[in-house]
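Input: a single structure, listed below in structure tokens.
Quick note: residue numbers are just sequence positions, from 1. Indexing begins at 1, ligand by ligand and atom by atom, following the structure's order.
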Amino acid sequence: MKDILTAPFLIDFVRTLTNMYRLGWDERNGGNVSMIVDEEKLLPYLNPRKVLREIPIGFAAPELAGRYFLVTGTGKYFKNVQYDPAANLGLFRLSKSGDTAELLWGYSDGGQFTSELPAHLMSHAARLRVDPAHRIVMHTHPGNLLAMTFVHTLDEKEFTRTLWQMCTECIVVFPDGVNVLPWMLCGTTSIGEATAAKMANARLVVWSQHGIYGAGRDLDETFGLIETAEKGAEIYMKIAHLPRLATITDEQLHLLEGRFGLKVREGYLD
Ligand code: 2HA
Ligand code: ZN
């Protein structure tokens with residue numbers, strides 16, 4: 001068996017979390033990330049029959065039974081992940097019944113997965129239904145997106161259109177738009193179900209006055225989605241209180257649609 005700390009998927013995961021912390025998105029224990037790991041990627045590093053602990057997840061996700069997940073630990077700080085991946089992260093397989101995490105590696109101080117596991121697993125199931133290559137769910141607290149939910153309407157079409165108008169790249173990176181949930185109690189199966197429902201037609205879901213969820217095929221793509229939306233929100237927060245003398249028009253957004261062959265969210269452009 002090779003040392004799992006040398007596994008490219010783990011190195012990529014740790015680097016991504018470290019970078020998210022560096023950007024100020026993940027204060028204290030804020031944020032959580034989960035990644036579906038394909039079995040062939042993990043076999044050189046772990047014996048899948050050697051289960052360290054069985055941890056009930058408190059709900060059932062039968063669609064994901066038998067899948068492997070690398071998931072941040074509850075109460076853990078992104079800041080610390082690079083110094084002790086085994087204490088701050090865990091890798092488990094979801095049992096046949098879909099209601100138990102079979103821990104294969106990590107949570108080495110007796111900990112367990114993030115309190116937001118319902119939103120993560122339900123979002124994975126929702127995204128896999130529309131994209132079999134989907135692998136990542138990322139939750140974080142970027143300051144400008146959060147700020148925007150206090151001063152902008154939470155109407156999804158309006159919220160999406162504002163972000164598209166803030167930087168030319170926005171519509172290119174997330175033509176499917178941004179869905180928005182009102183403030184809800186976090187860490188519950190209700191917010192998990194609501195998030196997953198919003199993931200059916202977009203890869204970004206804002207949790208008002210809390211943060212954002214992003215989904216994608218790999219860590220770079222998912223990080224880049226959130227990074228681009230956060231840049232749009234940053235520009236909005238810089239200009240919202242100033243007279244607006246220019247904007248990106250719908251005509252120009254249509255030009256981008258044609259140039260990049262985008263599948264822009266139906267009905268969002270005039
Ligand atoms: O504690 O971000 O949503 C981590 C969180 C909860
Ligand atoms: Zn959060």
request  = Give the ring-plane orientation class for His210 versus Trp207, where under 30° counts as parallel, over 60° as perpendicular and anything between as tilted.
outcome  = perpendicular
request  = Report yes or no: do Arg203 and Asn179 form a side-chain donor-acceptor pair below 3.5 Å?
outcome  = no
query = Within the distance-only criterion (no hydrogens, no angle test), does the side chain of His124 pair as donor or acceptor with the backbone N or O of Ala119 below 3.5 angstrom?
reply = no
Under 3.5 Å: N or O atoms of ligand 1 paired with protein N or O:
| residue | atom | partner | partner atom | Å |
| --- | --- | --- | --- | --- |
| ligand 1 | 1 (O) | Asn29 | O | 3.3 |
| ligand 1 | 1 (O) | Asn29 | ND2 | 3.4 |
| ligand 1 | 2 (O) | Gly31 | N | 2.9 |
| ligand 1 | 2 (O) | His139 | NE2 | 3.3 |
| ligand 1 | 2 (O) | His141 | NE2 | 2.9 |
| ligand 1 | 3 (O) | Glu116 | OE2 | 2.6 |
| ligand 1 | 3 (O) | His139 | NE2 | 3.3 |
| ligand 1 | 3 (O) | His210 | NE2 | 3.0 |

query = Is the backbone of Pro8 close enough, under 3.5 Å, to the side chain of Asp12 for a donor and an acceptor to pair up by distance?
reply = no
query = Taking the inter-plane angle between the rings of Tyr236 and His152 on a 0 to 90° scale, is it parallel (under 30°), tilted (30 to 60°) or perpendicular (over 60°)?
reply = perpendicular
inquiry  = For His139 and Tyr213, take the angle between the two ring planes, folded into 0 to 90°, and tell me which bin it lands in: parallel under 30, tilted 30 to 60, perpendicular over 60.
reply    = parallel
request  = Answer yes if Tyr68 and Val137 sit in the same cluster of Ile, Leu, Val, Met, Phe, Trp and Tyr residues linked by side chain heavy atoms under 4.5 Å apart, and no otherwise.
outcome  = no
ask   = Counting no waters, how many protein N/O/S atoms sit under 2.8 Å from the Zn ion (ligand 2)?
value = 3
query = Which value, rounded to the nearest 0.5 Å, describes the distance between Leu146 atom CG and Ile212 atom CD1?
reply = 9.5 Å
ask   = So with a 6.0 Å cut-off around NZ of Lys198, is the heavy-atom count from everything else above 12?
value = yes
